[in-house]
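Throughout, protein chains are lettered first and strands after them, A, B, ... in sequence-line order, and every chain is numbered starting at 1.
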2 protein chains.
Amino acid sequence: MLSYTEENYLKAIYHLSDSGSKAVSTSEIAETMNTKAASVTDMIKKLSNKNLIAYEKYYGVKITKQGRQEALMVVRKHRLWETFLVQKLQFSWDEVHDVAEQLEHIQSTLLIEKLDEFLEFPTVDPHGHPIPDKSGKITEVRQVPLSDCSGKKKIIVRSVKHGSPSFLQYLSKIGVYIGANVSILDKVEFDGSLEIMIDSKKKVFISREAAQNLLVTE
Amino acid sequence: MLSYTEENYLKAIYHLSDSGSKAVSTSEIAETMNTKAASVTDMIKKLSNKNLIAYEKYYGVKITKQGRQEALMVVRKHRLWETFLVQKLQFSWDEVHDVAEQLEHIQSTLLIEKLDEFLEFPTVDPHGHPIPDKSGKITEVRQVPLSDCSGKKKIIVRSVKHGSPSFLQYLSKIGVYIGANVSILDKVEFDGSLEIMIDSKKKVFISREAAQNLLVTE
DNA sequence: ATATTTTTTTAGACTAATCTAAACTTTTAT
DNA sequence: ATAAAAGTTTAGATTAGTCTAAAAAAATAT
Ligand SMILES: [Mn+2]
Ligand SMILES: [Mn+2]
Ligand SMILES: [Mn+2]
Ligand SMILES: [Mn+2]
């Protein structure tokens with residue numbers, strides 16, 4: 001069984017590697033984990049001995065099939081808990097991440113299966129991120145940054161790329177939410193900012209930066 | 001903030017001291033924590049330095065006001081989570097304790113307040129044990145072991161003294177639950193075993209040992 | 001009142017996870 | 001092609017929590 005810390009490292013490596021496809025460097029891991037490279041090297045050896053990652057000295061790590069599976073289970077728990085907090089306990093979507101960071105480490109298969117059932121088997125979390133099923137399968141929906149869209153098509157907001165509390169609060173304030181219908185009214189060539197219409201009701205301006213962080217389907 | 005381990009020690013000391021009234025010995029703590037006396041001595045010093053217990057060398061420890069308060073918050077979380085697991089996730093009462101041992105250490109005041117509200121402010125957990133409120137207050141109901149009862153009075157099962165999974169499973173099997181109405185049909189002087197009637201429907205025999213573990217109001 | 005037994009504490013060691021500083025590799029720049 | 005810079009690993013320490021074995025104190029028995 002993995003320790004709390006091992007789970008966190010493995011999850012970080014999984015995310016940094018684009019769900020396990022590319023190799024990840026020691027310093028990248030140190031950066032996201034808020035630790036020093038020396039500590040990462042130590043942990044890397046441990047995870048490597050457990051066959052959760054493939055480690056080549058000085059060339060970073062790649063997650064193994066088994067490691068990916070373990071990481072997916074942590075991600076699954078994290079996202080199910082976030083969904084629980086929002087749907088059942090009335091948390092707002094900017095309050096859930098830190099608590100889910102703790103809850104994701106609770107060890108009980110029964111618990112997570114019952115929770116999944118209680119929530120009626122959700123497929124996305126409050127930030128629009130997919131929830132791996134019991135076996136680790138993810139149903140990805142092709143999404144593009146709103147900043148890449150143009151024209152008058154009907155656009156639906158699907159997820160946020162990076163869900164920092166301040167960005168999420170900002171979205172709530174201007175009326176953007178997962179599932180919202182938006183259309184692009186105007187695009188400023190100079191700085192890439194957009195004027196959009198939300199739910200045919202509300203007109204708002206958003207920066208290119210914000211638009212890059214919003215993933216949508218056309 | 002207390003560590004996971006400090007919380008566990010403090011809770012154990014709280015329980016062993018009858019909610020904080022009497023002093024507790026090093027060996028008692030070692031016994032319930034499944035550690036060695038030497039480890040307990042170390043931890044005792046730490047908790048004492050934090051003013052959560054009063055420690056006098058060779059004479060055991062007494063919990064302080066502040067320590068009692070911290071312990072009560074852990075107990076509160078433990079029992080709220082157990083209630084959640086049974087009432088919302090359909091766990092049975094013999095499955096919840098070990099998971100609650102983990103969940104009780106999640107750090108989030110908001111979470112526990114929202115959970116309390118979601119459960120509609122329960123006052124007892126699935127085993128009939130009182131749930132401390134937000135401020136730590138407990139409303140104790142005077143209860144006696146069923147083994148101390150006699151006569152034909154109407155008796156209500158209120159809680160179990162020690163809720164081991166096997167005892168709880170046994171109770172479920174014979175039809176005893178928290179809130180059940182029982183009356184004593186016969187008491188065997190020789191071994192203290194009882195014949196009882198549950199909900200005016202079912203007759204069962206139980207041993208003195210079982211009767212001592214069932215707390216009731218007359 | 002002493003001796004024996006039991007309990008508790010101390011001393012020293014171990015593991016997981018972390019750090020700093022130094023050594024070593026790889027990458028980049030001239 | 002070589003030197004400097006950047007990134008990575010190793011060496012050695014630290015902290016929390018644990019252990020065993022030995023020393024010390026308290027309780028119990030004669
Ligand atoms: Mn999150
Ligand atoms: Mn985590
Ligand atoms: Mn319990
Ligand atoms: Mn616990």
Exercise. Under the side chain to side chain contact (heavy atoms under 4.5 Å, CB included) test, which residues partner Ser207(A), sequence neighbours left out?
Worked result: Glu209(A), Ala210(A)

For this session: Could you tell me the separation between the CE atom of Met43(B) and the P atom of dT10(C), rounded to a whole number of Å?
Result: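 The answer, rounded to whole Å, is 16 Å.
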
Exercise. Of all the choices, dT9(C), dT18(C), dT18(D), which nucleotide is nearest to the side chain of Thr5(A) once you look at every atom?
Worked result: dT18(C)

Exercise. So Lys11(B) and Glu101(B), side-chain contact (heavy atoms from CB on, under 4.5 Å) or not? Walk me through it.
Worked result: CA-CA 11 Å; Lys11(B) 191 179 67 150; Glu101(B) 277 298 307; 2.7 Å; yes

Exercise. What integer distance in Å separates Glu56(A):CD from dT25(C):P?
Worked result: 15 Å

Exercise. In whole angstroms, how far is the P atom of dC19(D) from the CE atom of Met33(B)?
Worked result: 10 Å

Exercise. If each of Lys36(A) and Ala38(B) is mapped to the nucleotide of DNA chain C with the nearest heavy atom, which maps nearer the 5' terminus, i.e. the 5' end?
Worked result: Ala38(B)

Exercise. CG of Leu214(B) to CD1 of Ile206(B): how many Å apart, nearest 0.5 Å?
Worked result: 5.5 Å

Problem set entry | Sub-4.0 Å heavy-atom contacts from residues 23-31 of chain A onto DNA chain D, ordered by number | Ser25(A), Thr26(A), Ser27(A)

Exercise. Out of curiosity, Glu95(A) CD to Leu85(A) CG, how far, rounded to the nearest 0.5 Å?
Worked result: 9.5 Å

For this session: Can you see which heavy atom on Lys50(B) is nearest to which on Glu6(B), and at what distance?
Result: NZ-OE2, 3.0 Å

For this session: Pick base, sugar-phosphate or nothing for Tyr4(A), based on heavy-atom distances below 4.0 Å to the nucleic acid.
Result: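 Tyr4(A): no heavy atom of the nucleic acid under 4.0 Å.
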
Problem set entry | For atom CD of Glu6(B) and atom P of dT18(D), their distance in whole Å |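 Result: 10 Å.
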
Seminar exercise, completed: In this structure, CG of Leu80(B) is separated from CD of Gln87(B) (nearest 0.5 Å) by 10.0 Å

Exercise. So which nucleotide from dT8(C), dT9(D), dC19(C) ends up closest to the side chain of Asp42(A)?
Worked result: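 Output: dC19(C).
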
Problem set entry | Length of the line joining Ile44(A):CD1 and dA16(C):P, which is rounded to integer Å |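 After rounding, the gap between these two atoms is 17 Å.
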
Problem set entry | N/O (side chain, Thr41(B)) to phosphate O (OP1/OP2, dT8(C)) under 4.0 Å | no

Exercise. About how many Å separate CG of Leu111(B) and CG of Asp116(B), when rounded to the nearest 0.5 Å?
Worked result: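 Reported to 0.5 Å precision, the distance equals 11.0 Å.
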
For this session: Classify the angle between the aromatic ring planes of Phe84(A) and Trp81(A) as parallel (below 30°), tilted (30 to 60°) or perpendicular (above 60°).
Result: perpendicular

What are the atom names and distances for every N/O pair under 3.5 Å that joins the protein to nucleotides 25-27 of chain D?
{"residue": "dA25(D)", "atom": "O4'", "partner": "Tyr58(B)", "partner atom": "OH", "Å": "3.4"}

Exercise. Within 45° of the six-membered ring axis of Phe91(A) and under 6.0 Å from that ring's centre, is NZ or CZ of Lys114(B) located there?
Worked result: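 Yes, Lys114(B) lies over the aromatic ring of Phe91(A).
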
